[in-house]
Amino acid sequence: MEIKTYKDKTEVAKAFSSYFAKAVSTKGDFHVALSGGSTPKLIFDVLATEYGDKIDWSNIHFYWGDERCVSPTDEQSNYKMTVDHLFSKITVPKENIHRVLGENDPTAEAMRYANLLEINLDRVDGIPQFNMVILGMGDDGHTASIFPHEIELWDAQDHCVVATHPESGQKRVSLNGAVINRAKEVVFLVTGSAKKEKVKTILGKEEGFKRFPAALVQPNEGELTWFLDEDAAAELE
Ligand code: 6PG
């Protein structure tokens with residue numbers, strides 16, 4: 001595991017964008033699962049502005065680690081956020097964008113998406129393998145849409161699960177732990193002082209840290225990199 005710390009979220013966005021540009025420059029298709037949240041928003045802006053014409057987007061296939069069960073035009077939609085901040089500014093073939101259909105019945109959609117992953121991705125031990133899974137971490141230690149109150153979903157049999165946001169009750173479709181940990185590479189993007197306690201607990205492996213889904217991200221064979229800003233890393237030793 002590697003921890004990279006930068007001055008602020010703009011620096012994180014710049015560093016990750018350059019890292020991503022390098023990662024996707026290898027030949028062949030590159031399958032990436034995106035996350036929602038505020039940090040990716042800035043990253044997508046930087047990627048579009050600084051790498052829009054430098055990256056060959058036609059080799060990249062986009063998926064989501066989680067999606068809110070809302071329509072694709074809803075402000076809550078992770079897909080919409082990605083359209084607004086990235087896809088609307090770059091040239092990417094429509095058939096490379098594999099969104100979770102948040103407007104459909106969550107259980108049926110989780111099954112459809114799991115099936116789509118099985119078809120589109122290589123499988124290792126029966127588990128679809130992404131080239132890269134990008135994750136955020138919530139203030140409560142959740143990742144993708146696996147929340148602490150439903151941590152058992154991490155170990156669910158199905159590649160995709162239906163989760164419920166603890167406060168709003170909003171349904172979400174999320175990858176399970178096996179798919180996340182099967183990726184060739186997992187990247188956490190975590191910024192802001194609201195994250196500093198969980199960052200300390202999880203990266204410091206403090207007592208009880210495994211209660212937090214973000215602590216269960218331990219790729220089987222792939223690499224794990226945490227991109228932090230100084231606010232999020234403030235309490236790390
Ligand atoms: C989502 C997410 C979620 C997010 C974290 C961190 O759709 O809500 O994918 O797991 O990444 O909540 O979000 P922030 O970057 O906004 O703190």
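Fair warning: this is a prediction, and the values are worked out from it, not measured in the lab. For ligands, and for the atoms within them, numbers begin at 1 and follow the listed sequence.
- Residue pairs that meet the side chain to side chain donor-acceptor pair (under 3.5 Å) test with at least one member in residues 5-18, sequence neighbours left out, do not exist here.
- We find that R182 and D125 are joined by a salt bridge, their nearest charged nitrogen and carboxylate oxygen being less than 4.0 Å apart.
- Residues forming a salt bridge (Lys or Arg N to Asp or Glu O under 4.0 Å) with K89 (at least two apart in sequence, or on another chain): D45.
- The pair K200-E197 does not count as a salt bridge, with every side-chain nitrogen at least 4.0 angstrom from each carboxylate oxygen.
- Within the structure, every pair that satisfies the side chain to side chain donor-acceptor pair (under 3.5 Å) test and touches residues 133-148, not counting sequence neighbours, is listed here: D66-S145, D140-H142, S145-R172.
- A donor-acceptor contact closer than 3.5 angstrom is absent between the side chains of K80 and T73.
- Closer than 4.0 angstrom to ligand 1 sit non-hydrogen atoms from S35, G36, G37, S38, T39, D66, R68, N78, G136, M137, G138, H142, A144, R172, K195.
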